[in-house]
Number of protein chains: 2
Amino acid sequence: MTTTELTQTSAEVSLSAPVPAADALADSIRAAGLKVTAPRLAVLQALADAPHSTADRLFTAVRADLPGTSLQAVYGVLAAFTAAGLTRRIEPAGSAALFERRVGDNHHHIVCTRCGTVRDVECAVGEAPCLMPDDAAGFAVQAAEVTYWGLCPACQVELATTLT
Amino acid sequence: MTTTELTQTSAEVSLSAPVPAADALADSIRAAGLKVTAPRLAVLQALADAPHSTADRLFTAVRADLPGTSLQAVYGVLAAFTAAGLTRRIEPAGSAALFERRVGDNHHHIVCTRCGTVRDVECAVGEAPCLMPDDAAGFAVQAAEVTYWGLCPACQVELATTLT
DNA sequence: CCCTTATTTTGAGTAATTCAAAACAACGGC
DNA sequence: GCCGTTGTTTTGAATTACTCAAAATAAGGG
């Protein structure tokens, strides 16, 4: 009944406990009230390996394991995950939508103005909205999203080298 | 040689001073090192009338005065303006790019999660970057962009009415 | 094991934006 | 005041990211 043929490198879990890593993913999908499917597992795994990925990037990663998967399936999986709160979707200006598993902790992002690399930045306040405008013009503020822009370490080095 | 036929409602400026409104726009375009053209004047005027407009919205507004104008011209004008620092381009998630004339004062925006309306929000600090992350992961931070999300006054009223 | 319902595939369509070549117009100099 | 250079706009097409819909398929409760 076990579906995996992967050679287990570490201690074999005998009795009732199933293979941990893969099932942790399955559990979180189930916990979100969604059916567990191969594309969903693959997308979630790919997202664990490469956070801040575009749908297209995840599609490429998923194809390695699951060649039959369609790009639309990846979009569908991501839409379902995001609606269920399993993933978060961010959309930095000039970029396609990016997805990440870190969710519910109201962290922010820093984007490289040169290469587009994205890193997480901790939110000092922690709770959303972490910032309140002085004058919200009558809006009922629900969230504050902060995007930092700057040069990533690699691009700083490259620029310094080029400018010499 | 005066190009305007608009009736002047307030005090007429006699001597050397030129017609203020129209020429103020032309001057700012010239000051940015760009040639003054009809499409550019029209776009800048439309942007003064309706800040936070999409290219398409500006295109519609410009067409009223200048029927021959193409959408690509509007995109071109906006690209030139933005490169020259005459306008700023913002891109809230889920929206097409929006443009505004307010520039260089590092203010922020609040977007209605229901209808998409955008309002300016003053930045308490004023200078960019107005916020520094605790741990910038080695990035050289250039700017911090804050987007608030919430319900605009009109949508609050509509929701309250509907829910009754 | 079957049935219901959610999910994925297949195929097509759309919105926003960009690219490129040719026609045109601003504006500094003559 | 006209002219040529150079920047701008038009015209026409392509591209990217994403969404929609119908038919095929598979998950998981009973």
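A, B, ... follow the sequence lines: proteins, then strands. Residue 1 opens every chain.
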Contact list please: residues 67-80 of chain A against DNA chain D, heavy atoms, distance less than 4.0 Å, in numerical order. Gln72(A), Tyr75(A)
Ser28(B) side-chain N/O to Leu25(B) backbone N/O, donor-acceptor pair under 3.5 Å: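 Pair found, side chain donor or acceptor close to backbone of Leu25(B).
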To the closest 0.5 Å, what do you measure between OG1 (Thr113(B)) and CH2 (Trp149(B))? 8.5 Å
Could you tell me whether the side chain of [Y] reaches within less than 4.5 Å of the side chain of [X], counting heavy atoms only?
X: Val146(A); Y: Glu145(B); value: no
X: Val121(B); Y: His109(B); value: no
X: Leu151(B); Y: Phe139(A); value: no
X: Thr60(B); Y: Arg57(B); value: no
X: Phe59(A); Y: Thr54(A); value: no

Please report the distance, rounded to the nearest Å, between [atom1] in [X] and [atom2] in [N].
X: Phe81(B); N: dG7(D); atom1: CZ; atom2: P; result: 17 Å
X: Ile29(B); N: dT8(D); atom1: CD1; atom2: C1'; result: 12 Å
X: Phe59(A); N: dT10(C); atom1: CZ; atom2: P; result: 11 Å
X: Leu66(A); N: dA26(D); atom1: CG; atom2: P; result: 12 Å

Kindly give the heavy-atom pair with the smallest separation between [X] and [Y], and that separation in Å.
X: Ala144(A); Y: Asn106(A); value: O-ND2, 4.1 Å
X: Ala55(A); Y: Val74(A); value: O-CG1, 3.6 Å
X: Leu47(A); Y: Ser53(A); value: CD1-CB, 4.4 Å

State, to the nearest 10°, the angle formed by the axis through the first five base pairs of the helix from dC1(C)-dG30(D) to dC30(C)-dG1(D) and the axis through its last five. 30°
Report yes if a side-chain nitrogen or oxygen of Arg40(A) is closer than 4.0 Å to either non-bridging phosphate oxygen (OP1 or OP2) of dA6(C); otherwise report no. no
dT8(C), OP1 or OP2 - any side-chain N/O from Thr37(A) closer than 4.0 Å?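 Yes, Thr37(A) has a side-chain N/O under 4.0 Å of OP1/OP2 on dT8(C).
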Examine the side chains of Glu100(B) and His52(B) and answer whether a donor and an acceptor come within less than 3.5 Å of each other.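 Yes, because at least one side-chain N or O of Glu100(B) sits under 3.5 Å from a partner of the opposite role on His52(B).
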By nearest atom, which of the nucleotides dT7(C), dC18(D), dA16(C) is closest to the Lys35(A) side chain?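 Closest nucleotide to the Lys35(A) side chain: dT7(C).
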Residues within residues 85-94 of chain B bordering DNA chain C, heavy-atom distance below 4.0 Å: Arg89(B)
Could you pick out which residue, Leu98(B) or Leu34(B), lies toward the 5' side of DNA chain C when each is mapped onto its nearest nucleotide?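 On the 5' side of the pair lies Leu98(B).
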